[in-house]
2 protein chains.
Amino acid sequence: MSVRYRHARPALTVDCVVFGLDQRDLKVLLIERALEPFAGQWALPGGFVRIDETVEQAARRELQEETGLDKVYLEQLYTFGDLDRDPRERVVSVAYYALVRLAANTAQANTDARKAEWFALNRMPSLAFDHDRIFRVAYERLQNKVCYQPIGFELLPKKFTLSQLQQLYEIILGQELDKRNFRKKMLGMNVLVETDEYEQGVAHRAARLYRFHKTKYQELLKRGFHFEV
Amino acid sequence: MSVRYRHARPALTVDCVVFGLDQRDLKVLLIERALEPFAGQWALPGGFVRIDETVEQAARRELQEETGLDKVYLEQLYTFGDLDRDPRERVVSVAYYALVRLAANTAQANTDARKAEWFALNRMPSLAFDHDRIFRVAYERLQNKVCYQPIGFELLPKKFTLSQLQQLYEIILGQELDKRNFRKKMLGMNVLVETDEYEQGVAHRAARLYRFHKTKYQELLKRGFHFEV
DNA sequence: AATGATAGTGTAATAATTACACTATCTAAA
DNA sequence: TTTAGATAGTGTAATTATTACACTATCATT
């Protein structure tokens with residue numbers, strides 16, 4: 001049950017930077033390593049690409065196995081191919097980033113045998129391997145991406161208020177936005193549909209719930225869109 | 001001289017989409033395959049990642065070996081990890097795209113043993129493996145990229161006229177641009193420096209030559225920039 | 001009934017983008 | 001030497017997008 005090759009081959013792995021929105025915090029899902037190297041340290045979920053699965057399948061499988069997450073928004077980030085990434089042997093890793101609706105998924109994440117935990121971005125421990133670097137690249141990409149593709153929706157519940165959406169942008173971009181201008185711009189993009197529902201159980205005027213319109217969203221992607229920060 | 005692994009590993013390769021500007025045509029550099037599979041067909045330059053080189057080093061080495069190109073602008077594009085990319089075995093490929101000053105490099109490209117040839121984008125043959133797809137992704141990326149990072153300079157000679165620059169944008173984007181607005185925008189970005197030289201040997205008023213200013217270019221990258229199309 | 005909290009709304013000033021046409025300068029040919 | 005042909009180089013007015021900014025509405029709780 002082993003394989004021979006003419007030349008040495010790098011091991012091929014995937015690593016996932018999973019972002020989730022928890023109330024007012026953007027968080028990242030980390031796994032505590034059980035084994036050496038870096039035993040006891042936190043790392044990004046990930047693992048080896050099997051010979052009979054695509055690289056994206058590998059990323060989804062590892063996410064499912066290590067964190068219980070399923071059917072998340074997943075996008076390839078970058079491939080990290082330096083020589084000394086893993087002390088044991090040469091490992092090339094294809095990194096992905098994922099956006100999940102944290103409220104709906106958080107329970108599952110901790111039922112798994114391995115210890116998985118959500119960390120707020122400013123409370124993250126230092127990570128195993130070169131995962132700090134991978135995380136930074138992912139966060140930069142996310143900040144960039146929300147400015148020209150409205151993927152932020154993937155982090156919110158299906159129905160959300162405009163204030164929630166604005167908060168999300170403020171958290172991701174790390175800056176305050178003007179309420180009226182934000183609404184004007186978002187509604188003008190024509191991807192939001194107002195429902196006739198309102199938020200529940202708040203001690204103030206209830207905000208209208210919106211959802212995002214898949215078809216119009218596809219059109220927007222083709223047209224392109226730019227959200228100035 | 002062979003290696004054993006516990007589990008089968010995908011082979012890891014790099015492929016490069018090399019863009020060059022030839023007068024008024026955007027071209028891509030292709031290699032004619034000598035061996036099966038796809039012997040005689042055209043393919044992107046590329047090859048295996050060795051165990052003692054980074055993935056980017058592998059891309060640069062293959063470019064050098066197969067096309068003679070050296071010190072080009074090179075950027076990682078995407079990693080293609082489907083199962084059936086190569087009929088012989090499982091191969092995962094990290095694709096890069098390169099921008100070169102064609103005039104300065106075209107000679108070298110053909111001195112190599114293997115047959116390398118520049119093809120205008122609309123005269124390209126169908127390619128081996130999934131290289132058509134890789135090419136399409138690269139071209140889309142290039143079209144996107146020139147709109148928010150002025151990487152187009154990498155395709156022009158060190159000193160160029162504003163008309164050459166405009167033509168380049170028109171070719172890449174596939175649409176005509178207004179001369180006055182283009183100049184206003186480009187000069188307003190503050191990355192061009194006018195030299196006191198003029199183009200030579202043209203049968204009309206000679207245009208002033210410009211070059212691009214590295215430091216200001218770095219600033220621009222940080223600030224961000226958006227070139228509407 | 002009053003308080004506290006957030007929802008929801010419009011306008012004027014400024015900046016960016018667009019559309020558009022003529023004169024200047026050079027070479028080559030007559 | 002004159003003319004024709006080719007491209008360089010320049011400005012403005014109209015339109016559109018972006019910004020800055022403050023008050024009233026509604027609901028739950030006390």
Side-chain angles (χ1 to χ4, degrees), chain A residues 21 23-24 146-148 150 156-157 159-171 173-211 220 223-229, chain B residues 21 23-25 146-148 150 156-157 159-171 173-212 220 223-229:
Chain A
L21 186 73
Q23 307 285 69
R24 319 223 149 173
V146 292
C147 289
Y148 63 93
L156 290 175
K159 291 172 185 169
F160 49 85
T161 69
L162 290 178
S163 293
Q164 283 178 301
L165 186 60
Q166 181 175 345
Q167 262 179 41
L168 172 64
Y169 271 80
E170 289 177 339
I171 290 166
L173 299 175
Q175 71 189 256
E176 301 213 328
L177 302 172
D178 179 88
K179 182 157 71 159
R180 278 172 293 190
N181 294 341
F182 180 84
R183 284 168 187 235
K184 208 189 308 173
K185 187 137 193 173
M186 271 297 160
L187 293 172
M189 280 171 16
N190 221 27
V191 282
L192 297 185
V193 188
E194 62 174 41
T195 68
D196 44 14
E197 292 168 72
Y198 291 82
E199 85 191 304
Q200 299 283 323
V202 286
H204 55 78
R205 178 173 173 183
R208 186 187 283 276
L209 296 175
Y210 288 76
R211 56 193 178 73
L220 186 68
R223 271 206 315 281
F225 123 85
H226 197 71
F227 189 87
E228 291 295 337
V229 290
Chain B
L21 185 74
Q23 305 285 71
R24 318 224 151 173
D25 279 325
V146 292
C147 290
Y148 62 92
L156 290 175
K159 291 172 185 170
F160 49 85
T161 70
L162 290 178
S163 293
Q164 284 178 300
L165 186 60
Q166 180 175 345
Q167 262 179 38
L168 172 65
Y169 271 80
E170 289 177 338
I171 290 165
L173 298 174
Q175 70 190 259
E176 300 212 329
L177 301 172
D178 179 88
K179 182 157 72 158
R180 278 173 292 190
N181 294 341
F182 180 83
R183 284 166 186 236
K184 208 188 308 173
K185 188 136 192 175
M186 272 297 161
L187 294 173
M189 280 171 17
N190 221 26
V191 283
L192 297 185
V193 189
E194 63 174 41
T195 69
D196 44 12
E197 292 167 72
Y198 292 81
E199 89 193 298
Q200 300 282 323
V202 286
H204 54 78
R205 178 172 174 181
R208 186 186 283 276
L209 296 175
Y210 288 76
R211 55 193 177 74
F212 94 106
L220 188 67
R223 271 204 317 280
F225 126 84
H226 197 70
F227 190 86
E228 291 295 337
V229 289

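Note on naming: letters A, B, ... go to the chains in the order of the sequence lines (proteins, then strands), and numbering restarts at 1 for each one.
Summarising the geometry, the separation between CZ on F182(A) and P on dA20(D) is reported as 16 Å, rounded to the nearest angstrom. Across the protein-nucleic acid pair, N181(A) atom CG and dA13(C) atom C1' stand 13 Å apart, rounded to whole Å. One can place CD of E170(B) at 13 Å from P of dT7(D), the figure rounded to the nearest angstrom. The OH atom of Y198(A) sits 13 Å away from the P atom of dA7(C) (whole-angstrom rounding). In this structure, CG of D178(A) is placed 13 Å from C1' of dG8(C), rounded to the nearest angstrom. For the pair Q167(A) CD and dT6(C) P, the computed distance is 9 Å after rounding to whole Å. In this structure, the CG atom of L209(B) is 17 Å from the P atom of dT7(D), given to the nearest Å. E176(B) has its CD atom 15 Å from the P atom of dT18(C), to the nearest Å.
Sequence neighbours left out, the pairs with a member in residues 182-196 of chain B that pass salt bridge (charged side-chain N to carboxylate O under 4.0 Å, His left out) are E194(B)-R208(B).
Judged by atom type and distance alone, K184(A) reaches the base of dT11(C) through a side-chain donor-acceptor pair under 3.5 Å. Between the base of dA7(C) and the side chain of R180(A) there is no donor-acceptor pair shorter than 3.5 Å. Between the side chain of K185(B) and the base of dT18(C) there is no donor-acceptor pair of N/O atoms closer than 3.5 Å.
R183(A) comes within 4.0 angstrom of a nucleotide base, judged by non-hydrogen atoms across all strands.
Within the 4.0 Å cut-off from OP1 or OP2 of dA8(D), at least one side-chain nitrogen or oxygen of S163(B) is found.
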Next item on the list: Dump the intermediate steps for side chain to side chain contact (heavy atoms under 4.5 Å, CB included) on E199(A) and H204(A), then the final yes or no.
Entry: CA-CA 10 Å; E199(A) 85 191 304; H204(A) 55 78; 3.8 Å; yes

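Considering only heavy atoms from C-beta on, M186(A) comes within 4.5 Å of Y169(A) through its side chain. L192(B) has its side chain within reach of F160(B): a pair of non-hydrogen atoms, C-beta onward, lies under 4.5 Å apart. Side-chain contact between P157(B) and L209(B) is absent, with no heavy-atom pair separated by less than 4.5 Å. Under the 4.5 Å side-chain criterion, counting only non-hydrogen atoms from C-beta, L168(B) is not in contact with V146(B).
In terms of the side-chain contact (heavy atoms from CB on, under 4.5 Å) criterion, residue partners of R24(B) (sequence neighbours excluded) are, by chain and number, Q167(B).
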Next item on the list: At under 4.0 Å between heavy atoms, which parts of nucleotides 23-30 of chain D does protein reach? Answer with one letter per nucleotide, 5' to 3': B base, S sugar-phosphate only, - none.
Entry: --BBBS--

